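Structure first, commentary second.
Numbers for residues simply follow the sequence, beginning at 1. As the structure is a computational prediction, the values presented were derived from the model and not from experiment.
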Amino acid sequence: MTHTTVTPATTTITTAPSGLRSLYLIRIAFSLVWVALVLATSASLVSKDRPTVIAAVLLVVYPLWDVIATLLERRMAATGATNRVSTINMAVGLATTAGMVIAVFSTVGTALLVFGIWALLSGAIQLVVAIRRRRTVGAQWPMVISGGQSVLAGAATAAMSASATSGLSTVAGYSAFGAFWFLVSVVALSVRRG
């Protein structure tokens with residue numbers, strides 16, 4: 001699912017895959033740790049509950065990490081070019097982080113609504129990035145699928161955020177699928193390079 005990072009279109013195929021693979025591996029590790037923490041500490045929370053302090057921190061950190069990862073990828077590209085799509089993605093992530101800071105003082109349902117809207121928007125951005133990157137980097141089909149799933153999962157999470165059965169295990173599943181697609185991307189980039 002969505003964990004969007006954006007590389008300027010001028011990145012060459014010789015330098016981008018190894019940097020992307022490294023960043024994707026870091027993102028996989030982050031997602032797996034995040035999922036484990038959510039499941040161990042907050043999986044029983046449902047939409048009407050107030051988030052615990054641990055749940056609140058986890059919910060705020062997630063979109064903020066996406067902003068940091070996008071910034072890291074932008075710096076790895078080392079082209080000096082400003083990429084409008086990565087700027088939009090970082091702005092959406094920062095707005096989501098701010099929205100999540102407010103949402104965690106309300107209910108889990110409110111936080112799920114914010115998370116769902118973010119997943120939908122960042123999934124759409126990921127689709128744009130993967131389509132643009134397919135010619136310069138290649139092996140972007142996993143990110144296209146991940147972006148599409150993020151759009152659908154984000155819409156579903158936002159729509160079901162007020163349901164009595166919606167809980168943080170939903171977003172843990174979202175993150176776990178994101179880690180899976182980053183792993184598939186690492187493999188695809190490695191096969192393409194080899």
Side-chain angles (χ1 to χ4, degrees), residues 1-11 15-38 57-101 114-134 136-151 153-154 157 171-190:
M1 310 282 238
T2 299
H3 305 290
T4 306
T5 52
V6 183
T7 302
T10 56
T11 302
T15 59
S18 64
L20 281 177
R21 281 195 316 263
S22 298
L23 183 59
Y24 288 176
L25 289 170
I26 293 167
R27 294 192 77 144
I28 292 165
F30 175 88
S31 291
L32 293 177
V33 169
W34 191 87
V35 167
L37 289 172
V38 168
V57 169
L58 290 169
L59 287 164
V60 169
V61 163
Y62 199 84
L64 183 60
W65 162 244
D66 192 64
V67 172
I68 293 166
T70 301
L71 186 59
L72 288 173
E73 186 172 340
R74 208 164 146 167
R75 288 189 179 197
M76 274 190 322
T79 61
T82 301
N83 185 297
R84 188 173 1 144
V85 178
S86 69
T87 302
I88 291 168
N89 184 55
M90 288 188 296
V92 168
L94 289 173
T96 301
T97 302
M100 195 61 80
V101 167
V114 171
F115 196 98
I117 293 168
W118 170 71
L120 188 151
L121 293 174
S122 61
I125 292 168
Q126 184 176 3
L127 280 170
V128 170
V129 170
I131 290 167
R132 283 184 176 180
R133 191 184 282 161
R134 75 186 189 286
T136 58
V137 177
Q140 292 300 294
W141 63 268
M143 291 293 99
V144 169
I145 294 170
S146 176
Q149 283 184 337
S150 184
V151 168
T157 300
V171 293
Y174 169 88
S175 184
F177 270 108
F180 169 77
W181 285 114
F182 275 113
L183 178 60
V184 172
S185 292
V186 167
V187 172
L189 287 168
S190 297

For [X], all residues meeting side chain to side chain contact (heavy atoms under 4.5 Å, CB included), sequence neighbours excluded:
X	value
L183	I28
V38	W34, L58, L168, A172
V128	V85, R132

Spacing of [atom1] belonging to [X] relative to [atom2] belonging to [Y], to within rounding of 0.5 Å:
X	Y	atom1	atom2	answer
I125	M90	CD1	CE	10.5 Å
I88	T70	CD1	OG1	12.0 Å
L121	T96	CG	OG1	7.0 Å
R27	L32	CZ	CG	12.5 Å

Test item: S185 side-chain N/O and W181 main-chain N/O as donor-acceptor pair under 3.5 Å: yes
Backbone of S146 reached by a side-chain donor or acceptor of S150 within 3.5 Å: no
Minimum heavy-atom distance between G147 and L127, given as atom pair plus value: C-CG, 3.9 Å
Within-4.5 Å side-chain heavy-atom neighbours: Q126 and N89: no
Parallel, tilted or perpendicular: rings of Y174 and Y62 (30°, 60°): perpendicular
From CA spacing to verdict: side chain to side chain contact (heavy atoms under 4.5 Å, CB included), I26, F182: CA-CA 10 Å; I26 293 167; F182 275 113; over 6 Å; no
